[in-house]
Amino acid sequence: MKVNVLEAKNRLSQLIKAAQAGEEVIIANRGEPVVRLVPVKMSAEDELPLGHPKRVLAALDANRLPEHRRRSAEEIDAGIEEERNAWD
């Protein structure tokens, strides 16, 4: 599908849907093709809602803590217990 800039401006929503459906959309200026509208390829994580557990875990895997900042489960539990005892 080839449309001029003015028509693209007036039908942008329709053109986006067409591009997402796999149709080639070319926008022309005075009959000269200048832009091709293509859908963005998203990963499976990007399609999930922002706070979804799988997306959070993927972000944590991609941004690991440095080794010197990591604590074992026992260290975390000891810190929690120490904090609780401080309130007594």
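From a predicted model like this one, the values you see are computed outputs, not experimental measurements. Computed from heavy atoms alone, side chains included, the values below leave out hydrogens, waters and symmetry copies.
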Any idea which heavy atoms bring Lys2 and Ala28 closest together, and the distance? CE-CB, 3.8 Å
Rounded to the nearest 0.5 Å, what separation is found between the CG atom of Asn29 and the CG atom of Leu6? 11.0 Å
In this structure, CD of Glu74 is separated from CD1 of Ile76 (nearest 0.5 Å) by 9.0 Å
Decide yes or no on side chain to side chain contact (heavy atoms under 4.5 Å, CB included) for Met1 and Leu15, but give the supporting numbers first. CA-CA 9 Å; Met1 168 186 318; Leu15 297 175; 3.3 Å; yes
Rounded to the nearest 0.5 Å, what's the gap from CZ on Arg71 to CZ on Arg69? Could you check? 9.0 Å
Are there over 12 heavy-atom neighbours, none belonging to Glu75, within less than 6.0 Å of that residue's CD? yes
Are there more than 12 heavy atoms of other residues, nucleotides or ligands under 6.0 Å from atom CZ of Arg70? yes
Does one hydrophobic cluster hold both Val38 and Val25, with members joined at side-chain heavy-atom distances below 4.5 Å? no
Measure the CD-CD distance between Glu83 and Glu81 for me, rounded to the nearest 0.5 Å. 11.0 Å
Could you check whether any side-chain heavy atom of Val3 comes within less than 4.5 Å of a side-chain heavy atom of Ile27, counting everything from C-beta outward? yes
Show the nearest heavy-atom pair for residues Ile26 and Pro33, with the distance to one decimal. CG2-CB, 3.6 Å
Among the clusters formed by ILVMFWY side chains lying less than 4.5 Å apart, do Leu12 and Val34 turn up in the same one? yes
